[in-house]
Protein chains: 2
Amino acid sequence: MEGSSPIYLQITDYLKRLIASGELADGDMLPSRRELSAYLGVNPNTVQKAYRLLEEEGLISSRLGAKSYISLTDERAEEIGRRILEGEIRAAVTSLKRTGLTLDEAVSMVERYWD
Amino acid sequence: MEGSSPIYLQITDYLKRLIASGELADGDMLPSRRELSAYLGVNPNTVQKAYRLLEEEGLISSRLGAKSYISLTDERAEEIGRRILEGEIRAAVTSLKRTGLTLDEAVSMVERYWD
DNA sequence: CCAACTGTATTACCCGTATAATACACCCGT
DNA sequence: ACGGGTGTATTATACGGGTAATACAGTTGG
């Protein structure tokens, strides 16, 4: 979980990636707040904040006392995947252009650093 | 000055880019703290923090009462350029790999989004 | 049934970032 | 020389992110 953006956003993004790739599908159980926070070594409140956001976005469903689970349609999952991919690409391209390199130079740099 | 990292770091990075590209060279005067802060619409203390960092890195020189100016060797400027470029590329590649795309797919996506 | 686990909520605290308002010592051009 | 601009410093305030400790209501499985 490397990165400097807020932890709770890293968690939501990570789960969205799993949803986008199909590793997490509708009906799948999620680790409890306490469980995941212990595993990640962060505060339960931080995980709760992430789960709350995901619930507000309609991606997961929670009931008091019971475990939370993924709750979305296939179309929604696919749309999430497209959105994440596009955002990632756009950000990478913006960053690459800012270096002042040409497209060809940038591409060959990316190829050189890929492994 | 778009981005979500601390403003004072955005300022140092921006000035380092100008140094790396040669638009700012040894001896060049910098805008005063108050001037730049007014132009950017941020607090003078924030600019001061950025300038202080740059001075600690030995990139600029300040004297009480007088304007600050760029102070570095050509080798240092070139080294900064290399370091920035490498960091940018590495970050972009990391981000691209995380999407799960293959190298070829990533490259064609970058080409498609370049303009 | 009931103990263990779950989601939820609240309160307090810390740290980094950023703003705001001053104040002071210093340089420089007119 | 002197006034305006400069670097520098200090204090206070605010906010978001994160931690910590605790409490309560609800579900669930043995």
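Computation of the quantities below employed the complete heavy-atom set of this structure, encompassing side-chain atoms and omitting hydrogens, waters and symmetry-equivalent molecules. We name chains A, B, ... by the order of the sequence lines, and we start the count at 1 in each one.
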Self-check item: Whole angstrom value for the distance that separates C1' of C:dA18 from CD1 of B:Ile11
Solution: 11 Å
Quiz item: Quick one: side chain to side chain donor-acceptor pair (under 3.5 Å) pairs with a partner in residues 106-115 of chain A, sequence neighbours left out?
Solution: A:Tyr113-B:Glu86
Exercise. Nearest whole angstrom, please: distance from the P of C:dT17 to the CD of B:Gln10.
Key: 12 Å
Quiz item: Are A:Leu96 and A:Val110 close enough that some pair of their side-chain heavy atoms sits under 4.5 Å apart?
Solution: yes
Exercise. Would you mind reading off the distance between B:Tyr69 atom OH and C:dC28 atom C1', rounded to a whole angstrom?
Key: 15 Å
Quiz item: Under 4.0 Å between a side-chain N/O of B:Arg33 and OP1 or OP2 of D:dT8, yes or no?
Solution: yes
Practice problem: Please check the phosphate of D:dG7 (OP1 and OP2 only) for any side-chain N or O of B:Ser68 closer than 4.0 Å. | Solution: yes
Can you name the atoms? Protein N/O to nucleotides 9-17 of chain D N/O, anything below 3.5 Å, with the distance.
{"residue": "D:dG17", "atom": "OP1", "partner": "A:Tyr8", "partner atom": "OH", "Å": "3.0"}

Exercise. Please tell me if the side chains of B:Ile80 and B:Leu59 come closer than 4.5 Å, counting only heavy atoms from C-beta onward.
Key: yes
Exercise. Carefully, step by step, assess A:Leu101 and B:Leu85 under the rule side chain to side chain contact (heavy atoms under 4.5 Å, CB included).
Key: CA-CA 9 Å; A:Leu101 296 177; B:Leu85 180 59; 3.8 Å; yes
Self-check item: Spatial distance of atom OG1 (A:Thr12) from atom CD1 (A:Ile7) [nearest 0.5 Å]
Solution: 12.0 Å
Exercise. Show your working on side chain to side chain contact (heavy atoms under 4.5 Å, CB included) between B:Tyr8 and B:Val42 and close with a plain yes or no.
Key: CA-CA 10 Å; B:Tyr8 72 95; B:Val42 301; over 6 Å; no
Practice problem: For residues 33-45 of chain B, pull every pair meeting salt bridge (charged side-chain N to carboxylate O under 4.0 Å, His left out), keeping only residues two or more places apart or in separate chains. | Solution: B:Glu35-B:Lys67
Enumerate donor-acceptor pairs with a distance under 3.5 Å from any side-chain N or O in residues 22-30 of chain A to protein atoms, sequence neighbours excluded.
{"residue": "A:Glu23", "atom": "OE2", "partner": "A:Ser21", "partner atom": "OG", "Å": "3.0"}
{"residue": "A:Asp26", "atom": "OD1", "partner": "A:Leu72", "partner atom": "N", "Å": "2.8"}
{"residue": "A:Asp28", "atom": "OD2", "partner": "A:Ala25", "partner atom": "N", "Å": "2.9"}

Quiz item: Rounded to the Å, how far apart are A:Leu40 CG and D:dT19 P?
Solution: 10 Å
Practice problem: Examine D:dT6: is either OP1 or OP2 under 4.0 Å from a nitrogen or oxygen in the side chain of B:Ser32? Give yes or no. | Solution: yes
Quiz item: Does the pair B:Arg76/B:Glu79 count as a salt bridge with the N-to-O cut at 4.0 Å?
Solution: yes
Tabulate protein N/O versus nucleotide N/O from nucleotides 24-28 of chain D, keeping only pairs under 3.5 Å, one per line.
{"residue": "D:dT27", "atom": "O3'", "partner": "A:Arg63", "partner atom": "NH2", "Å": "3.4"}
{"residue": "D:dT28", "atom": "OP1", "partner": "A:Arg63", "partner atom": "NH2", "Å": "3.1"}

Quiz item: Looking at B:Thr46, does any N or O in its side chain come under 4.0 Å of the phosphate oxygens OP1/OP2 on C:dT17?
Solution: no
Self-check item: Rounded distance (Å) that lies between atom P of D:dG4 and atom CD of B:Glu35
Solution: 17 Å
Quiz item: Atom OH of B:Tyr51 to atom P of D:dT6: distance rounded to whole Å?
Solution: 10 Å
Quiz item: How many angstroms lie between atom CD1 of A:Ile70 and atom CG of A:Leu54, to the nearest 0.5 angstrom?
Solution: 7.5 Å
Practice problem: Would you check if the side chain of A:Gln10 reaches a backbone N or O of A:Ser5 as a donor-acceptor pair within less than 3.5 Å? | Solution: yes
Quiz item: Got a sec? Which of residues 23-31 of chain B come in under 4.0 Å of DNA chain D, heavy atoms?
Solution: none
Quiz item: Taking CD from B:Glu55 and P from D:dG7, how many angstroms apart are they, rounded to a whole number?
Solution: 10 Å
